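Quick notes on the structure that follows.
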Amino acid sequence: MIQRIQTVYLIFVLVLSGVLPFVFRLWTLNNGKDFYFMENQLYTILFGLSTSMSLLSILFYKKREHQFVINRLNIILNLILLGLFVYHSLNLSGEALVSEKGIGMFLPIISIVFLVLANKAIKKDEDLVKSVDRLR
């Protein structure tokens, strides 16, 4: 399980979506208060789903097809999360509530990159297994 590179990529995604949102703020409000993901229920649910999907994908290490599909769904979920962050930061007229964006807004982008790398490694493993089956 751990000897495969896609598992390492998925562990990175698990840490990015499960641990780092507690550390990094999403943005700073005008009153100087930091805004974390826990203050909005939708962000909490989406980060929790991304974390659980990463863990589920790690546990399905014997079923590469399921792993691939779960990673695709996780990519879509992170794109939705990123879209919500961009919408919230651009929708505010004249920086009414947000004064400074935090590094937490970029966590879904990094997660998407690692999920794409994991899917490439899963596809490579699947192609290797299919080529060995052809030789028999």
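Below, all heavy atoms of this structure are taken into account, side chains as well, without hydrogens, waters or symmetry copies. Note that the structure is a prediction, hence the values are computed from the model and not measured.
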Nearest 0.5 angstrom please: [X] [atom1] to [Y] [atom2], how far?
X	Y	atom1	atom2	result
L14	T7	CG	OG1	11.5 Å
L46	T51	CG	OG1	10.5 Å
S54	L49	OG	CG	10.5 Å

Linking I/L/V/M/F/W/Y whenever their side-chain heavy atoms sit closer than 4.5 Å, directly or via other members, would V23 and F114 fall into one cluster?
yes

Shared hydrophobic cluster, V129 / F60 (ILVMFWY, side-chain heavy atoms < 4.5 Å)
no

Who clusters with I122? Use side-chain heavy atoms, under 4.5 angstrom, across I, L, V, M, F, W and Y, and order the result by chain and number.
F68

I need the minimum non-hydrogen distance between [X] and [Y], along with the two atoms involved.
X	Y	result
M53	I70	O-CG2, 3.4 Å
Y43	H88	OH-CB, 3.7 Å
D125	R4	OD2-NE, 3.4 Å

So do the side chains of Y9 and L115 get within less than 4.5 Å of each other, counting heavy atoms only?
no

Check: L10 and L55 side chains under 4.5 Å, non-hydrogen atoms
no

Residue pairs involving residues 38-53 (criterion salt bridge (Lys or Arg N to Asp or Glu O under 4.0 Å); sequence neighbours excluded)
K33-E39

Provide the full list of salt bridge (Lys or Arg N to Asp or Glu O under 4.0 Å) pairs with a residue in residues 61-88, sequence neighbours left out, each pair given once.
R64-E126

Walk me through it: do N74 and N78 pass the test side-chain contact (heavy atoms from CB on, under 4.5 Å)?
CA-CA 6 Å; N74 203 352; N78 278 304; 3.2 Å; yes

Sequence neighbours excluded and cut-off under 3.5 Å, please list the side-chain donor-acceptor pairs for residues 103-111, or say none.
unit_1	atom_1	unit_2	atom_2	d
S111	OG	L107	O	3.1

According to the interplanar angle, ranging from 0 to 90°, do the rings of F47 and F85 count as parallel (below 30°), tilted (30 to 60°) or perpendicular (above 60°)?
tilted

Can you sort out the partners of K123 under salt bridge (Lys or Arg N to Asp or Glu O under 4.0 Å), two or more places apart, ordered by chain and number?
D127

Determine whether the aromatic ring centres of residues Y36 and F24 are separated by less than 6.0 angstrom.
no

Applying side chain to side chain donor-acceptor pair (under 3.5 Å), can you list everything that pairs with S57, at least two apart in sequence or on another chain?
N71

